[in-house]
Protein chains: 2
Amino acid sequence: MKDSGSQSSNSKSVATSEDIAARLTDAVHEHRLLPGMKLNEDEVGEIFGVSRTIVRQALRAMGHEGLVTIERNRGAFVAKPTIKEAREVFEARALLEPQTARAAAERMTPADITMLNQHIEDEHAALASGKYGLALKLSGDFHVEIARISDHATIETFIRQLVSRSSLVIALYWRRRNALCESHAHHALLDAFENKDGNSAEELMKGHLLDLVSQLDLREAQNTNVSLKAALSQ
Amino acid sequence: MKDSGSQSSNSKSVATSEDIAARLTDAVHEHRLLPGMKLNEDEVGEIFGVSRTIVRQALRAMGHEGLVTIERNRGAFVAKPTIKEAREVFEARALLEPQTARAAAERMTPADITMLNQHIEDEHAALASGKYGLALKLSGDFHVEIARISDHATIETFIRQLVSRSSLVIALYWRRRNALCESHAHHALLDAFENKDGNSAEELMKGHLLDLVSQLDLREAQNTNVSLKAALSQ
DNA sequence: GCTTGGTAAATCGTATACAATTTGAGTCTC
DNA sequence: GAGACTCAAATTGTATACGATTTACCAAGC
């Protein structure tokens with residue numbers, strides 16, 4: 001839990017760079033910040049009431065996660081993964097997450113199950129009330145929670161990064177703008193977890209990731225700003 | 001290539017934070033900087049002739065890689081992986097590198113082979129002239145080069161991090177202080193690469209990593225500073 | 001002797017000032 | 001009008017000053 005308190009209990013808690021990075025990261029995960037958007041240092045600092053020093057720390061941290069691209073003397077932008085990078089992200093997830101799901105299944109406690117269940121319900125609620133961005137973020141968090149339960153901090157860090165970047169990929173390459181009909185997959189995973197069935201969990205996760213990729217449109221040259229060239233080539 | 005020129009061609013090239021991080025990282029890889037060592041900001045800045053601003057950027061970057069631990073108001077220290085973290089690093093490598101070796105084998109060009117060969121020779125030369133730290137670094141670079149050849153930037157980044165942290169693990173938990181008798185393993189891998197034999201490459205890499213782990217001493221409580229508690233529990 | 005307390009030095013955290021670079025508008029020319 | 005040029009405004013990069021925290025040392029007390 002630990003909600004990285006923006007303005008929590010203790011009256012005048014000044015925001016740290018971690019807070020800023022978390023807030024910005026959430027915004028990216030919820031598609032309130034979209035790939036390519038400029039993150040002006042003064043502007044961000046003004047919004048959160050901190051100096052540029054702190055903002056720069058946050059932006060550089062996000063740069064390391066691959067969420068933000070920093071161009072020298074030009075500033076920070078929400079990253080725009082290329083098609084190759086998009087493929088890589090999901091290939092890496094396919095390499096890490098199935099085994100992680102298996103490990104998680106074997107370590108799963110009743111408390112974990114309850115928590116994951118709550119997570120799925122929240123996701124449902126978000127979808128029902130039209131908060132697609134929030135639903136998307138929660139859907140990613142589900143994967144991160146599984147990694148956390150697997151109790152492998154190193155791989156958890158990698159998965160967290162990959163899930164993060166998946167938000168960008170989805171923003172750029174998702175086919176159907178409407179539903180994220182994947183809650184079924186998460187339910188199925190939860191069943192495997194309840195039965196402590198590592199094999200199923202591994203297979204379900206593998207299938208789930210393949211399913212996700214199959215809903216992306218990763219053909220070359222679709223989202224590149226080729227307006228000029230496209231107009232001329234006709 | 002691009003050797004991140006410390007003082008390259010252009011006369012007065014002021015060191016960037018990337019340069020500083022690279023220099024410090026090399027020092028860690030070569031065991032000139034050992035786990036636990038304090039990295040004083042003023043001191044580092046003095047050595048490289050840059051202000052603390054730049055040093056702090058470098059140290060935070062290394063923090064993200066897991067090479068450095070930053071404690072608030074206390075400063076940056078070369079990281080000291082616990083035994084659990086040490087295990088995790090090699091488990092993650094075992095998950096990523098065999099498949100990466102396979103992919104590399106399939107994409108390997110004659111130029112790549114030549115380069116890897118040179119790498120092995122350099123490693124030999126370093127060992128022969130007693131530069132164990134350099135040999136260790138080169139040995140790690142070998143793995144990173146394979147990742148690069150596999151042409152999967154995302155996984156390459158992960159492997160780079162893991163190899164980096166492996167240097168720390170080796171500094172803390174390596175059994176025999178003398179030789180790193182692993183050049184044989186690298187030779188065998190090279191043979192597989194020359195034959196474009198992905199299966200062999202994958203298997204050899206898996207075995208090589210297991211071999212490495214087996215030379216570590218990862219039993220509990222050997223390097224922990226428990227003098228007080230240990231004395232009291234008796 | 002060992003601990004406790006207090007003060008000065010060392011060190012880190014952050015804001016800010018200023019330099020360097022990019023951006024964009026406006027002007028001029030062809 | 002399209003393109004090249006100039007200059008001001010906006011923005012980022014870096015050094016530095018200053019406050020906050022930790023550390024280290026030394027003296028006093030039990």
Side-chain angles (χ1 to χ4, degrees), chain A residues 4-8 10-24 33 36-64 67-80 225 227-229 231-232, chain B residues 4-8 10-24 33 36-64 67-80 225 227-229 231-232:
Chain A
S4 69
S6 47
Q7 55 217 51
S8 61
N10 245 343
S11 61
K12 186 97 146 287
S13 70
V14 182
T16 67
S17 69
E18 285 79 18
D19 293 332
I20 312 287
R23 295 279 294 271
L24 291 176
L33 286 175
M37 278 187 180
K38 174 77 183 288
L39 298 171
N40 181 293
E41 296 178 358
D42 278 324
E43 209 171 332
V44 175
E46 190 110 1
I47 290 170
F48 294 108
V50 297
S51 77
R52 277 179 56 218
T53 307
I54 309 297
V55 175
R56 287 177 121 268
Q57 281 180 18
L59 291 176
R60 289 186 80 96
M62 293 175 75
H64 276 284
L67 266 194
V68 149
T69 304
I70 292 174
E71 296 178 34
R72 181 156 232 277
N73 284 322
R74 296 209 49 242
F77 303 82
V78 179
K80 281 175 70 169
N225 285 348
S227 50
L228 178 70
K229 207 199 293 183
L232 291 181
Chain B
S4 68
S6 46
Q7 56 216 52
S8 62
N10 245 342
S11 61
K12 185 95 144 290
S13 69
V14 182
T16 68
S17 70
E18 285 79 20
D19 293 332
I20 311 287
R23 294 280 293 272
L24 291 176
L33 287 176
M37 278 189 181
K38 174 77 183 289
L39 298 171
N40 181 293
E41 296 178 356
D42 279 324
E43 209 171 333
V44 175
E46 190 109 1
I47 290 170
F48 294 109
V50 297
S51 76
R52 277 179 56 218
T53 307
I54 308 297
V55 175
R56 285 173 123 290
Q57 281 180 16
L59 291 176
R60 288 186 80 97
M62 292 175 74
H64 276 284
L67 266 194
V68 149
T69 305
I70 292 174
E71 296 179 33
R72 181 156 231 276
N73 284 322
R74 296 208 50 241
F77 304 83
V78 179
K80 281 175 70 169
N225 286 347
S227 50
L228 178 69
K229 208 199 295 182
L232 290 181

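All chains are named by letter (A, B, ...) in the order of the sequence lines, taking the proteins before the strands, and each is independently numbered beginning at 1. Heavy-atom basis, side chains included; hydrogens, waters and symmetry copies ignored.
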Discussion item. Whether A/Lys38 contacts C/dT22 is assessed here as follows: a side-chain N or O lying under 4.0 Å from the phosphate OP1 or OP2. Is that the case?
Written reply: no
Discussion item. Under 3.5 Å, is there any donor-acceptor pair linking the side chain of B/Arg74 to the base of C/dG13?
Written reply: no
Worksheet item: What closest approach, in Å, do B/Gly36 and B/Lys80 show between heavy atoms, and which atom pair accounts for it?
Response: N-CG, 3.5 Å
Worksheet, complete the sentence: Here the pair of heavy atoms bringing B/Asp19 nearest to B/Val14 is OD2-O, 4.3 Å
Worksheet, complete the sentence: Distance col, row A/Thr16:OG1 vs B/Arg72:CZ, nearest 0.5 angstrom, shows 8.0 Å
Response to the item:
Whichever of B/Ala76 and A/Gly49 has the more 5' nearest nucleotide on DNA chain C, that residue is B/Ala76
Fill in: Salt bridge flag under 4.0 Å for residues B/Arg60 and B/Glu41
no
Worksheet entry | Shortest non-hydrogen contact from A/Ala76 toward A/Leu59 | CB-CD1, 3.8 Å
Fill in: Distance, rounded to the nearest Å, where A/Glu18 contributes CD and C/dG13 contributes C1'
12 Å
Worksheet item: B/Arg52 CZ to C/dT14 P: how many Å, rounded?
Response: 11 Å
Worksheet item: Looking at A/Arg72, does any N or O in its side chain come under 4.0 Å of the phosphate oxygens OP1/OP2 on D/dT11?
Response: no
Worksheet item: For the pair made of CD in B/Glu41 and P in C/dG13, what is the distance, rounded to whole Å?
Response: 6 Å
Worksheet entry | Atom-pair distance (CG on B/Leu39; C1' on C/dT11), nearest Å | 14 Å
Worksheet entry | Euclidean distance, atom CZ of residue A/Phe48 to atom P of C/dA15 [Å, nearest integer] | 15 Å
Item to complete: Return the nearest nucleotide to the side chain of B/Asn40; candidates are D/dT12, C/dT14, C/dT11.
Response: C/dT11
Worksheet, complete the sentence: Judged by nearest nucleotide, the residue sitting upstream toward the 5' end of DNA chain D, B/Ser51 or A/Glu43, is A/Glu43
Worksheet entry | Distance, rounded to the nearest Å, where B/Ile70 contributes CD1 and C/dT14 contributes P | 12 Å
Discussion item. So if I take every side-chain heavy atom of B/Thr53 and compare against D/dA15, C/dC12, D/dT12, which nucleotide ends up nearest?
Written reply: D/dA15
Item to complete: Would you kindly give the CD1-to-P distance between B/Ile20 and D/dT14, to the nearest whole Å?
Response: 11 Å
Worksheet item: What is the distance, rounded to the nearest whole Å, between atom CG of B/Asn73 and atom P of C/dT11?
Response: 14 Å
